There are 2 protein chains.
Amino acid sequence: MKDLVSRCPIEEVMQIMSGRWPTLLIYYLKQGTKRFSDLRRDNPTISHKMLTLELRKLEDAGIVERTEFEGYPLRVEYDLTSAGLKLVPLLDALGNWWETVEAGPAHASTSPVKLSQK
Amino acid sequence: MKDLVSRCPIEEVMQIMSGRWPTLLIYYLKQGTKRFSDLRRDNPTISHKMLTLELRKLEDAGIVERTEFEGYPLRVEYDLTSAGLKLVPLLDALGNWWETVEAGPAHASTSPVKLSQK
DNA sequence: CAGAATCCCTGCCGATACTG
DNA sequence: CAGTATCGGCAGGGATTCTG
């Protein structure tokens, strides 16, 4: 998912939000200010590297704000920007929609979606 | 992006919608019934294989409906399900939100998001 | 503690060829 | 025409090490 094939805003958002981590990070950040290590605790499966990369991406997108404090040990805080806060209800709407799909008649007799879930 | 790390519906949706193609396919399918070759024409950069895989995924998710017709040459039609139709306005909302972010004050002096765009 | 840099491997996805 | 099957390259992302 590198280049865009159209100049569609939806495609641009998906470029940001695609993947496992962006929505999760937003979910935890909406609980309030978090430090790097907090976010690591929140989801222990993300690697150190991915956390920094994803946070950087969200920061560049204007969704997350990064505040650095002087002194030792280093300390950085992350918050949702106002734009990021406005995003939250939209994601919730998506989640609600999905729950109706899962329970809906579309899969009356079949199992929902097959997701490899080790 | 294989396994889920939480039982959050948002994460489940993203499992489906992540990547370059799902939103694009939905975008074209909302124009009405499409055949396999129509969708290939709509976005020429998707590979034969990916198109079938993505369509299958959306079908399993209950977003797209596949109708097969007997006879030669084979003929298959794709439509959005009612659930898929309900998804469209949500994606539009995301797109609109993004446009406000891009134009917003978050990047007053910096360039928007850096996307590799060859 | 936050994160930059390096190495390395897995799995995604493209190309090609074949079936109904 | 629509779809499977197989192979292979390459990039996404994990583990580790190093700096401020």
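Below, all heavy atoms of this structure are taken into account, side chains as well, without hydrogens, waters or symmetry copies. Proteins get letters first, then strands, A, B, ... in listed order; numbering begins at 1 in each. Only a predicted model underlies this, so the values are computations on that prediction, with no experimental measurement involved.
Look at CG on Leu51(B): it is 18 Å from P on dC12(C), rounded to the nearest Å. Arg66(B) has its CZ atom 12 Å from the C1' atom of dC1(D), to the nearest Å. With rounding to whole Å, Glu54(A) atom CD is found 9 Å from dG14(D) atom P. Whole-Å rounding puts the Leu25(A) CG to dG13(D) P distance at 13 Å. Whole-Å rounding puts the Glu59(A) CD to dA2(C) C1' distance at 13 Å. Between the P atom of dA2(D) and the CG atom of Leu39(B) lies a distance of 9 Å, rounded to the nearest Å. In this structure, OH of Tyr78(B) is placed 11 Å from C1' of dC1(D), rounded to the nearest angstrom. Distance, Leu53(A) CG to dG12(D) P: 11 Å, rounded to whole Å.
Contact annotation: Thr52(A) does not reach the phosphate of dA2(C) (side-chain N/O to OP1 or OP2, under 4.0 Å). The phosphate of dA2(C) has OP1 or OP2 within less than 4.0 Å of a side-chain N or O from Arg35(A).
By the salt bridge (charged side-chain N to carboxylate O under 4.0 Å, His left out) test, Arg40(A) pairs with no residue at all, sequence neighbours left out. The salt bridge (charged side-chain N to carboxylate O under 4.0 Å, His left out) check on Asp92(B) picks up nothing, with sequence neighbours excluded. Not counting sequence neighbours, Glu70(A) has no partner by the salt bridge (charged side-chain N to carboxylate O under 4.0 Å, His left out) test. Glu65(B) pairs by the side chain to side chain donor-acceptor pair (under 3.5 Å) definition with nothing, not counting sequence neighbours. Partners of Arg35(B) according to the salt bridge (charged side-chain N to carboxylate O under 4.0 Å, His left out) rule, which considers only residues two or more places apart in sequence or in another chain, do not exist here.
No side-chain heavy atom of Leu94(A) sits under 4.5 Å from any side-chain heavy atom of Thr23(A).
Ion pairing between a basic and an acidic side chain is recognised when a charged N comes within 4.0 Å of a carboxylate O; Lys57(B) and Asp60(B) show no such pairing.
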Tabulated below should be each protein N or O lying under 3.5 Å from an N or O of nucleotides 14-16 of chain C; please produce it.
from    : atom 1 : to       : atom 2 : distance (Å)
dG14(C) : OP2    : Ser47(B) : OG     : 2.6
dG14(C) : O6     : Lys49(B) : NZ     : 2.1

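Using a 4.0 Å heavy-atom criterion, one finds that Phe69(B) contacts no nucleic acid atom at all. Within the nucleic acid shown, Arg40(A) has no heavy atom closer than 4.0 Å to any nucleic acid atom.
Considering only the side chain of Phe36(B), dA2(D) comes nearest among dT4(D), dA2(D), dA2(C).
Place Leu74(A) and Val76(B) on DNA chain D by their nearest nucleotides, and Val76(B) ends up nearer the 5' end.
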